There are 2 protein chains.
Amino acid sequence: MSDPPHSVDPVQLGAYFALVEVSSLLRHAIEQQLHDDAGLTFVRFQILRRLQLSTTGSHRMTDLADAIVFSRSGLTYQAGLLEKDGLVVRARSADDERGVTISITDAGRALVEAVLPGHEEVVTGMLFEPLSREDARTLTDLLEPVREHMRAAPPRSASSRRRKGTST
Amino acid sequence: MSDPPHSVDPVQLGAYFALVEVSSLLRHAIEQQLHDDAGLTFVRFQILRRLQLSTTGSHRMTDLADAIVFSRSGLTYQAGLLEKDGLVVRARSADDERGVTISITDAGRALVEAVLPGHEEVVTGMLFEPLSREDARTLTDLLEPVREHMRAAPPRSASSRRRKGTST
DNA sequence: TATTGTTATACTCTATAACTATA
DNA sequence: TATAGTTATAGAGTATAACAATA
């Protein structure tokens, strides 16, 4: 019972548990702050933030879905909510008539700007209070390769469609 | 426009983004593996794992809810599902007649044991492939204080029973 | 009176499959 | 035929508030 065939590195296990717990607690706190301050969910905030960080303020729907690990229909749903509030706009892509380009509006930018301070306050207070700046850098250095590694493996939102009816 | 009143440490910001993205991607992958291999959600798996790790194989409901950052009603719901499948049992606490003690069953332990290898495979493959053992230890060393710090702050989910040392 | 856990409810979110249109 | 996005649908999960029982 306590000696299963799979010998796990306890160090890894500890890191994994800590990561899960920390991100879970952080996520909860963020979710609440965003909700209270701007009526935003974390998902919608992420969408807005991604758009805002983009040079063009725009993204292709599928790309965005991939970036946030979402099904396309899920993104359509969230985009609909954001659009209804005037925070984003959708339009057919210029280069590809099949595509849809979602763009952040001025109101969207303003909202992000308005929430950011409180958002960062939560993040700073919860995540970085016990960490030095150097620690933060170390954390990034550790997680950045992991992120790239995870992104390299393609759990794409589009792949689900491909693997499905493709008996051909 | 590029000089808002809130000056954020870009290093911290990077660490935060990386953490969010990594944990999100990891969570998705885990969720899928647990579902495919055992029909478990991440939340239910966490409940079982917590119980299994406990010396007694048991926990008080509220304690468990706190541990997993859940509302008590949410835990009641999940516990109901687990109990229906014979993976846990609930009984009135011996010392406190108001309380309920939830315990993992043999079937529950067996299921956890059965899923663990695949689970760890996912975690190892996604999270630790780009990390050395030393990196993993560093990661833990960074996140452990954060976890404790977060735990020290009053959890929002437990607001209804927040009278710890406050007021009165 | 405060706390524990459950219930009832209402709501949000997510994924799947079918559908339209473009490539 | 394959891809991009939407829609319809259906199910799961969560929190809140009211409630019963115990401290």
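Here is how names work: the chains are called A, B, and so on, in the same order as the sequence lines, proteins then strands, and each is numbered from 1. All values reported here derive from a predicted model rather than from experimental measurement. All values below come from the heavy atoms of this structure, side chains included, with hydrogens, waters and symmetry mates left out.
- Contact check, B:Gln78 against D:dA12: no side-chain N or O comes under 4.0 Å of OP1 or OP2.
- In this structure, the nucleotide among D:dG13, C:dT14, C:dT22 sitting nearest to the side chain of A:Asp96 is C:dT22.
- At the heavy-atom level, A:Ile102 lies nowhere under 4.0 Å from the strands shown.
- Checking the phosphate oxygens (OP1, OP2) of D:dT7, no side-chain nitrogen or oxygen of A:Arg72 falls inside 4.0 Å.
- B:Phe17 places a side-chain heavy atom less than 4.5 Å from the side chain of A:Leu53.
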Exercise for the section: Under the side-chain hydrogen bond (donor to acceptor under 3.5 Å, both in side chains) rule, what do A:Thr138 and A:Asp135 come out as? Steps first, then yes or no, please. Expected result: CA-CA 5 Å; A:Thr138 305; A:Asp135 288 339; 5.0 Å; no
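- When the P atom of C:dT20 is taken as reference, atom CD of A:Glu97 falls 19 Å away, rounded to whole Å.
- Here the P atom of nucleotide D:dA4 and the CG atom of A:Leu64 are 14 Å apart, to the nearest Å.
- A chain of hydrophobic side-chain contacts below 4.5 Å, direct or via other Ile, Leu, Val, Met, Phe, Trp or Tyr residues, connects A:Phe42 to A:Leu40.
- Taking the nucleotide of DNA chain D with the nearest heavy atom to each of A:Ser73 and A:Arg98, the more 5' of the two is matched to A:Arg98.
- No engagement by B:Ser93 is indicated, since no non-hydrogen atom pair under 4.0 Å with the nucleic acid exists.
- Rounded to a whole Å, the NE2 atom of A:His35 is 10 Å from the P atom of C:dT12.
- Two residues are said to be in side-chain contact when any heavy atoms from C-beta on lie closer than 4.5 Å; A:Leu19 and B:Leu19 meet this criterion.
- Side-chain contact between A:Arg92 and A:Val100 is present, with heavy atoms from C-beta onward closer than 4.5 Å.
- Within the 4.5 Å cutoff, the side chain of A:Ile30 has no heavy atoms near those of the A:Phe45 side chain.
- Closest-nucleotide positions on DNA chain C for B:His28 and B:Arg90 were compared, and the one nearer the 5' end corresponds to B:Arg90.
- Closest approach to the B:Tyr77 side chain among D:dT14, C:dT6, C:dT14 is made by D:dT14 (side chain taken as heavy atoms from C-beta onward).
- Computed from coordinates, the B:Asp95 CG to C:dT4 C1' distance equals 12 Å when rounded to whole Å.
- Listed nucleotides: C:dT4, D:dA23, C:dT22. Nearest to the side chain of B:Arg60: C:dT4.
- We find that CG of A:Leu40 is positioned 14 Å from P of C:dT12, with the value rounded to whole Å.
- B:Arg92 comes within 4.0 angstrom of no nucleic acid atom, judged by non-hydrogen atoms across all strands.
- Going from atom CG of B:Leu82 over to atom C1' of D:dG13 covers 13 Å, rounded to whole Å.
- When heavy atoms are screened at a 4.0 angstrom cut-off, A:Gly74 is found touching no nucleic acid atom at all.
- Atom CG of A:Asp85 is separated from atom C1' of C:dT12 by 15 Å (rounded to the nearest Å).
- Taking every side-chain heavy atom of A:Thr76 into account, D:dT7 is the closest of D:dG13, D:dT7, D:dT22.
- In this structure, B:Gln32 places its CD atom 17 Å from P of D:dA12, rounding to the nearest Å.
- Within 4.0 Å (heavy atoms only), B:Leu81 reaches sugar-phosphate atoms of the nucleic acid but no base atom.
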